[in-house]
Amino acid sequence: MQITFYGHASLGIKIDDIHILVDPFITGNPKASHIDIETLKADYILVTHAHQDHILDVEAIAKRTGAVVVSNFEVANHFDGLDIENHPMNHGGQWDFEFGNVKYVNAIHTSSFPDGSYGGQPGGFVIEGERKNIYIAGDTALTMDMKLIPLFTKLDLAVLPIGDNFTMGVDEAIIASDFVECDKILGYHFDTFGYIEIDHEMAKRKFFDKNKDLMLLEIGESIEL
């Protein structure tokens, strides 16, 4: 499994020959100006919620690639109205896709489309691949529901928001890593704009002091699991 950070909360995940994008917000992020969305491959696009900083590039990428949008019912229905293939889910549900099992799990946040219309309830994804399992939290506060995840999945990586203000910050993300029983963390949803700028060294040190590994990737950088 290869994971690429495209800035903010945008990820690329490659599992064997399947390409998955998560919350593509790239053209609207000046820090990701070197990423050309026309070159991105996508068989599936996972969307955690309807805010513009998570869906901005979904339509353009999906129409170019034919990717299937996977999200809550309301978000999936929105893209269905744009003639984009989709797979609707809801909290607690799971589905076996060709790349692995996906479970849509709780997140505490808000969710509305840029025009203010209802975007369903926000969520996160647990992906169980053939060899590696990851949790993508989406935009969320720290929630006790995270304790449910290790009851059904042993994680190899947890992707957690750490920018604070709109989501949990570093200190709560450390607790979240305890809740999901995973000490290998990829931080995201930080530095995009002033409200969520963080001190990278302090963040890494706080995780290190708890015997945890926090990875903060440069935009376009990848890791292998």
Handout entry: Sequence neighbours excluded - salt bridge (Lys or Arg N to Asp or Glu O under 4.0 Å) pairs with any residue from residues 26-46
Key = Glu38-Arg64
Problem - Check: Leu11 and Val159 side chains under 4.5 Å, non-hydrogen atoms - result: yes
Practice task
Just jot down the side chain to side chain contact (heavy atoms under 4.5 Å, CB included) partners of Glu221, sequence neighbours excluded, or say none.
Solution key: Leu217, Glu218
Practice task
Evaluate the side-chain proximity of Ile13 to Ile127: yes if any heavy-atom separation is below 4.5 Å, no if none is.
Solution key: yes
Handout entry: salt bridge (charged side-chain N to carboxylate O under 4.0 Å, His left out) against Glu74, all qualifying residues, sequence neighbours excluded
Key = none
Practice task
Output the distance between atom OG1 (Thr4) and atom CD1 (Ile223), rounded to the nearest 0.5 Å.
Solution key: 9.0 Å
Show every donor-acceptor pair shorter than 3.5 Å between a side-chain atom in residues 82-93 and any protein atom, with sequence neighbours excluded, or say none if there are none.
unit_1, atom_1, unit_2, atom_2, d
Asn86, ND2, Asp80, OD1, 3.1
Asn86, ND2, Ile84, O, 3.1
His91, NE2, Pro122, O, 2.8

Practice task
Verify whether one side chain among Thr27 and Asp57 offers a donor that lies under 3.5 Å from an acceptor in the other.
Solution key: yes
Exercise for the section: Given side-chain contact (heavy atoms from CB on, under 4.5 Å), test Phe5 with Met215 step by step and report yes or no. Expected result: CA-CA 11 Å; Phe5 179 54; Met215 293 173 287; over 6 Å; no
Practice task
Count the heavy atoms belonging to other residues, nucleotides or ligands that lie under 6.0 Å from CD of Glu130, then report whether that count exceeds 12.
Solution key: no
Exercise for the section: Could you identify which residues cluster with Phe166, counting Ile, Leu, Val, Met, Phe, Trp and Tyr as linked when any side-chain heavy atoms lie under 4.5 Å apart, either directly or through a chain of such contacts? Expected result: Phe193, Tyr195, Ile196
Handout entry: Contact check, side chains of Leu40 and Ile26, non-hydrogen atoms, under 4.5 Å
Key = yes
Problem - Under-4.0 Å salt bridge between Lys63 and Glu59 - result: yes
Problem - Heavy-atom side-chain proximity of Ile219 to Ile35 below 4.5 angstrom - result: yes
Exercise for the section: Using a 4.5 Å cut-off on heavy atoms from C-beta on, say whether the side chain of Ile3 contacts that of Leu157. Expected result: yes
Fill in the blank from the handout: The side chain to side chain donor-acceptor pair (under 3.5 Å) partners of Thr39 (sequence neighbours excluded) come to none
Problem - Cluster companions of Phe73 among Ile, Leu, Val, Met, Phe, Trp, Tyr (side-chain spacing under 4.5 Å) - result: none
Practice task
Quick one: do Lys210 and Asp183 satisfy salt bridge (Lys or Arg N to Asp or Glu O under 4.0 Å)? Show the steps, please.
Solution key: CA-CA 9 Å; Lys210 297 294 184 180; Asp183 293 333; over 6 Å; no
Completion exercise
Taken to the nearest 0.5 Å, the spacing of Ile108 CD1 from Thr167 OG1 works out to 12.5 Å
Practice task
Work out which heavy atom in Ala9 is nearest to a heavy atom in His189; give both atom names and the distance.
Solution key: CB-CD2, 4.2 Å
Exercise for the section: Quick one: do Phe79 and Ile45 satisfy side-chain contact (heavy atoms from CB on, under 4.5 Å)? Show the steps, please. Expected result: CA-CA 11 Å; Phe79 287 107; Ile45 302 175; over 6 Å; no
Identify every side-chain donor-acceptor pair in residues 14-25 under 3.5 Å, counting partners at least two apart or on other chains, and give the distances.
unit_1, atom_1, unit_2, atom_2, d
Lys14, NZ, Asp16, O, 2.7
Asp16, OD1, Arg131, NH2, 2.8
Asp23, OD1, Thr48, N, 2.8
Asp23, OD2, Thr48, OG1, 2.7
Asp23, OD2, His54, ND1, 2.7

Completion exercise
When every non-hydrogen atom of Thr140 is compared with those of Ala107, the smallest separation belongs to OG1-CA, 3.5 Å
Practice task
Look only at the side chain of Ser177 and the backbone of Ile174, and say whether a donor-acceptor pair between them is shorter than 3.5 Å.
Solution key: yes
Exercise for the section: Kindly say whether the aromatic ring centers of Tyr44 and Phe97 come within a distance under 6.0 Å. Expected result: yes
Problem - Side-chain donor or acceptor of Asn101 paired with backbone N/O of Glu128 under 3.5 Å - result: no
Exercise for the section: Would you mind listing the cluster partners of Met202? Hydrophobic ones only (ILVMFWY), side-chain contacts under 4.5 Å, chaining allowed. Expected result: none
Problem - Partners passing salt bridge (charged side-chain N to carboxylate O under 4.0 Å, His left out) against Asp213 (at least two apart in sequence or in another chain) - result: Lys184
Exercise for the section: Not counting sequence neighbours, list each pair that qualifies as a ring pair (Phe, Tyr, Trp, His ring centres under 6.0 Å) and has a residue in residues 199-225. Expected result: Phe190-His200
Handout entry: Pairwise side-chain contact, Asp178 with Lys212, heavy-atom cut-off 4.5 Å (strictly under)
Key = yes
Exercise for the section: Keeping to residues at least two apart or across chains, list the ring pair (Phe, Tyr, Trp, His ring centres under 6.0 Å) pairs with something in residues 107-127. Expected result: His49-His109, His51-His109, His78-Phe113, Tyr104-Phe125
